[in-house]
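Here is how names work: the chains are called A, B, and so on, in the same order as the sequence lines, proteins then strands, and each is numbered from 1.
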There are 2 protein chains.
Amino acid sequence: MAGKAGTTRGRSMTVNMDDIARLAEVSKPTVSRVLNGSPLVSEATRERVLQVARAHGYAVNRNAQKLRQARTETIAVMLDFGSHRHGRIADPFVFELLAGVSEALSVRNQDLLLSPPGLSDAQACIDLIAGRAADGFIFLGQGGREPMLRDLSRSATPFVVWGAVNPENSYCAVGSDNRLGGRLAGDLFVTRGARRWLFVGNVEHEEIRLRHEGLRQAGDAADASIDLLLVEHMAYSAVYAGAAAWLTRHPAPDAVFAFSDTAAMAVIAAFRDAGLSAPDDYALVGYNNIPPAADFTPAITTIEQETHLAGAILVEKLMQQIEGSRAKSTMLPTRLIVRDT
Amino acid sequence: MAGKAGTTRGRSMTVNMDDIARLAEVSKPTVSRVLNGSPLVSEATRERVLQVARAHGYAVNRNAQKLRQARTETIAVMLDFGSHRHGRIADPFVFELLAGVSEALSVRNQDLLLSPPGLSDAQACIDLIAGRAADGFIFLGQGGREPMLRDLSRSATPFVVWGAVNPENSYCAVGSDNRLGGRLAGDLFVTRGARRWLFVGNVEHEEIRLRHEGLRQAGDAADASIDLLLVEHMAYSAVYAGAAAWLTRHPAPDAVFAFSDTAAMAVIAAFRDAGLSAPDDYALVGYNNIPPAADFTPAITTIEQETHLAGAILVEKLMQQIEGSRAKSTMLPTRLIVRDT
DNA sequence: TTGTATGCGTTATCAC
DNA sequence: GTGATAACGCATACAA
């Protein structure tokens, strides 16, 4: 009947396993066994221990646990806030990915450490693992960090990447078939009879580079010209500004492929302000098939990525690596959704 | 010249502080001091230790550190994926908030533990702190968890909330002046001469309830009727479906206040499909002022929340609590941005 | 300025 | 089934 959280000498305020052991009149290891669901413990003592633990609001110290165990049960997730920020976020797309990963991790009882922006070199990542802050990494979007990922793949660090799937890369990546996405857009432009195409996006991002490449394949076959509008960053406003500026210095294209649906919206706005409208003056294809794309005016033709499975797949493949196997890269289904533009 | 990571008996593969101490020919505490930037150490030994540490890829074990120290330097951030998911995410807004929080935390060298979806009762939160997994919580959006937040505020758990600021609540909240936001929208409707208003949103969310209340204040004064369209969840598609269904069963409103800009877009789409367009047939106000709102067709009139500071403020107030002080709730500036609708 | 000794709260290894 | 004991890797009080 020692009231609240009693402890060894009345010094500490926080209940630990020793306290529970004493109060339940068992040994410390037994408490541990109970809390970890070991079968090597009688029903009676299990009940008693659990009751005492609950009554005293006891929770296992995760840090002591992680210190003692081989695995930390923590996964570091790296978002490229950097390229998506700058004012305001571009796209809900990455967020959906994050939600999926979060859910998949929680199913496996893994903690999600959302890594700080600017942790951009391989050594910093290696140190995070060495410091036992996490067991592995999930990178959501390659961003411009292709080189560092290559560095990282030379270490033993377990990690997976959402982004471009390149057979030459030595690491495990999951993503849509970006090159095919580009080709599908290009094929559509061809059927529309467009000749002066414009690609909007930053080709330093591997995913986007591949889309550009796919588009060019289709364009070369059809003898179309392809200009490149390199936007400063992914935010809506930057795309809008870039597209508006483009039109003041170049003849208007008759087909535009934008790196995201949000970017496509920005293009539509900028072009409209210049008196151009899709699909009358130009064909337009976006990427991701975010929900508003369907109901935008005009409804945006786009490439769909299968994101709802992404989280689970990424986590699955990462776990394989952490457990010592290798994991193969995968390309998810990718298709064109034709709408008004 | 012991090659790689030598250790006590050649057993362990992982370098620890003891190893570094031995290799640098100093004692363990000295290594600790160097790594923590203590001034009580000579320049010479500091250099030597750092060099050895780097050469062996040593990184302090964060778990041992956290076990030993009073603070974990970790903040748990709770997103309401639940209400924003269901198919696909509604709004980039929460993501911007998260980016801000992430940045503010990294400035203070705090780890960000992104908490699992479904951790929805106060006891689970208390246990997280008791288990020393984090020092405090940041809730991004009250969602429907108002009761649990009230419970939690009765414990000693440090936490802050982005959402509705209610003077009656005993916890620290930061957010826009939702009631004012509603009133501003209502005032606009009055000047437009609208009489049959429609509020779109789930009033079980405290923030949204306050917006509804503000709208009603304005409506009552002007003797307008206010209907309530309770959407099933926050996703774009749900709002679209809800709005479309509404029109089949009710006379068309001449003013609509939507709980977010994304929701406003969905309303525009649904109404357009029913032959109605803003601002000719109805006035429309959204919330958040997300970037695409300005360039949407038509450009959406909206209420602006000052999000760029939110992250820093939330973190600041949480830290105050962790350090033992109390922190007051704050309402951020809130204003109407009139555009085409 | 540096070293010695101790304890943080767990889990694993062994005995019983 | 259960208990004693020894790590896990670090930071701190104190001594030198």
Phosphate OP1/OP2 of C:dG9 contacted by A:N16 side-chain N/O (<4.0 Å): yes
Over how many whole Å does the gap from A:L67 atom CG to C:dA12 atom P extend? 12 Å
Can you tell me if B:T45 touches the phosphate of C:dT1, counting only side-chain N or O atoms and a distance under 4.0 Å to OP1 or OP2? no
Rounded to whole Å, the CZ-C1' distance (A:R71 to C:dT10) equals 18 Å
Of all the choices, C:dG9, C:dT10, D:dT5, which nucleotide is nearest to the side chain of A:Q65 once you look at every atom? C:dT10
Measure from NZ on B:K66 to P on D:dC10 and round the result to the nearest Å. 14 Å
Are any of A:T30's side-chain N or O atoms less than 4.0 Å away from OP1 or OP2 of D:dG1? no
Greater than 12 external heavy atoms within 6.0 Å of A:E306's CD: yes
Has the side chain of B:R62 got a donor or acceptor atom sitting under 3.5 Å from an opposite partner on the base of D:dG9? no
With a 4.0 Å limit, can you tell me whether B:N63 has a side-chain N or O closer than that to the phosphate oxygens OP1/OP2 of D:dC10? no
Lys/Arg-Asp/Glu bridge criterion (N-O < 4.0 Å) met for A:E316, A:R108: yes
5'-most contact on DNA chain C: B:E25 or A:V60, nearest heavy atom basis? B:E25
Report the distance from atom CG of B:N61 to atom C1' of C:dG9, rounded to the nearest whole Å. 14 Å
Compare the minimum distances between each of C:dT10, D:dG3, D:dG9 and the side chain of A:P29, then state the nucleotide with the smallest one. D:dG3
Taking atom types as they are modelled, is there a donor-acceptor pair under 3.5 Å from the base of D:dA7 to the side chain of A:R68? yes
In whole angstrom, give the distance that lies between atom CE of B:M17 and atom P of D:dG9. 11 Å
Could you state the CG-C1' distance from A:L40 to D:dG1, rounded to the nearest angstrom? 8 Å
Determine the interplanar angle of the A:F159 and A:Y171 rings, folded into 0 to 90°, and report it as parallel if under 30°, tilted if 30 to 60°, perpendicular if over 60°. tilted
Separation of D:dG9 P from B:R33 CZ (nearest whole Å): 21 Å
If you compare every side-chain N and O of A:Q69 against the phosphate oxygens of C:dT10 (OP1, OP2), does one of them come in below 4.0 Å? no
A:L314 and its side-chain contact (heavy atoms from CB on, under 4.5 Å) partner, picked from A:L105, A:I138, A:T330, A:V161: A:I138
Under 4.0 Å between a side-chain N/O of B:S42 and OP1 or OP2 of C:dT1, yes or no? no
Using whole Å, report how far CD of B:E47 lies from P of C:dT1. 15 Å
Test side-chain contact (heavy atoms from CB on, under 4.5 Å) applied to A:F137 and A:L113, A:L128, A:V77, the passing residue: A:L128
Closest-nucleotide 5' rank along DNA chain D - winner of A:P39 and A:K28: A:P39
